[in-house]
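Some notes on the structure that comes next.
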There are 2 protein chains.
Amino acid sequence: MSRAKSHPERSAGDDVARVSDATLRGFVGYDLKRAMNVIRADLRRTLEPFGLRMLTLTALVLIVDNPGLRQSQLADAMDIERPNLVVLLDELERRELIVRDRVPTDRRAYALKATLAGRRLCEQAVAAVNAHEARLFCDLTEERRAELITALRSIQQKTVEE
Amino acid sequence: MSRAKSHPERSAGDDVARVSDATLRGFVGYDLKRAMNVIRADLRRTLEPFGLRMLTLTALVLIVDNPGLRQSQLADAMDIERPNLVVLLDELERRELIVRDRVPTDRRAYALKATLAGRRLCEQAVAAVNAHEARLFCDLTEERRAELITALRSIQQKTVEE
DNA sequence: TATTGTTATACTCTATAACTATA
DNA sequence: TATAGTTATAGAGTATAACAATA
């Protein structure tokens, strides 16, 4: 990560011996983003064999756990905009992991359901993610982990005004 | 956020009363991402008046705190790829917030320095981010906040293999 | 009128390969 | 040959406006 310096005796001000991020370290968001970077990269490799990504797996899991879910409900649950969900579901539907059934009582809406293949892939991928999490969070005791989640949820409560 | 249901007495399986995310709630990454979403959206609004984003402010802060920094060092510190840094710096340089000085001892490299305008904007933006953080993390005691940061840093240690 | 899903669009962030000029 | 910065490019995530069909 850090680079070997090729000129130990260079003139002052031309280079920096060690990068100070003291100001940034005062911000939780900075550490949160860096941690997220590590998780995203590792999760990406974890889910690649399944042809899934963080967002597609999230959608699949929620559909498996909530058969009949509507797209607007799913978008709300995933905290993404409706238009962005459409392409994700197109992908899952094309791979025949989910189906979009018409809702008889509201012909505008779709009832999302996982296929058998979808449920099986979901199960396997969730197991892989469990292993990925165990690997990344092995330094945290169960108590620390619970505290971390509590802290993260308190942040989620803060809705953006306007 | 959650939607009012238009048909309280609809046929079973067509809709879902309350979305269960029990499976996902078992994953730290899920809560981390949701927290990150909230922070990113709020930070975006916070930095908009300054014409900055999370990444451009991060770069600016590091340059202010480390005069003479090289681009490769900065990319390492920011945990982004070198090519992606170039356009960020182009933006900061075009706005005359930083300069790229040639390093006399190594004509391949640039010594990054903030201008007076850059240092001033940085100071104001950092103050705004402090307020933003205080707003988002007000539920956390100072101790909890420190524990959160410790947990996040332990995750950062986990480098991605390969 | 309001809502569901959709299209189109744009911006941001991330990742990789290949180039140039220096070392 | 290796490194610093660059160009080009592609994929992925996010955000908004506007539309057709339906309620």
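Computation of the quantities below employed the complete heavy-atom set of this structure, encompassing side-chain atoms and omitting hydrogens, waters and symmetry-equivalent molecules. Residue numbers begin at 1 in each chain, while the letters A, B, ... track the order of the sequences.
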Is the side chain of [X] donor-acceptor paired with the backbone N or O of [Y] at a distance under 3.5 Å, no angle test?
{"X": "A/T46", "Y": "A/D42", "value": "yes"}
{"X": "A/Q73", "Y": "B/V19", "value": "no"}
{"X": "B/T115", "Y": "B/E96", "value": "yes"}

Rounded to whole angstrom units, what separation is found between the [atom1] atom of [X] and the [atom2] atom of [N]?
{"X": "B/D76", "N": "D/dT3", "atom1": "CG", "atom2": "P", "value": "12 Å"}
{"X": "A/D106", "N": "C/dA2", "atom1": "CG", "atom2": "P", "value": "17 Å"}
{"X": "A/L85", "N": "C/dA8", "atom1": "CG", "atom2": "C1'", "value": "17 Å"}
{"X": "B/L89", "N": "D/dA4", "atom1": "CG", "atom2": "P", "value": "15 Å"}
{"X": "A/E91", "N": "C/dT6", "atom1": "CD", "atom2": "P", "value": "15 Å"}

Close N/O contacts between protein and nucleotides 11-18 of chain C (under 3.5 Å):
unit_1	atom_1	unit_2	atom_2	d
C/dC13	OP2	B/R53	NE	2.9
C/dC13	OP2	B/R53	NH2	3.1
C/dT14	OP1	A/K33	NZ	3.2
C/dA15	N7	B/N84	OD1	3.2
C/dA15	N7	B/N84	ND2	2.8
C/dA15	N6	B/N84	OD1	2.8

Look at [X] and [N] and indicate whether a side-chain polar atom (N or O) is within less than 4.0 Å of OP1 or OP2.
{"X": "B/S72", "N": "D/dG5", "answer": "yes"}
{"X": "B/R108", "N": "D/dT3", "answer": "no"}
{"X": "A/Q71", "N": "C/dT6", "answer": "yes"}

Open item on the list: By nearest heavy atom, map B/R107 and A/R100 onto DNA chain C; which one lands nearer the 5' end?
Closed with: A/R100
Open item on the list: On DNA chain C, does the nearest nucleotide to A/A109 precede the nearest nucleotide to A/D90 from the 5' side, or the other way round? Give the residue.
Closed with: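 It is A/A109 whose nearest nucleotide is closer to the 5' end.
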Task: Note, B/E143 side chain near B/E147 side chain (heavy atom, < 4.5 Å) - done: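 SC-SC contact between B/E143 and B/E147 confirmed.
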Task: Side chains of A/V126 and A/V64 in contact at under 4.5 Å (non-hydrogen atoms) - done: no
Open item on the list: Going by salt bridge (charged side-chain N to carboxylate O under 4.0 Å, His left out), name the pairs with one or both residues in residues 85-94 of chain B, residues two or more places apart or in two chains.
Closed with: B/R53-B/E91, B/D90-B/R100, B/E93-B/R100
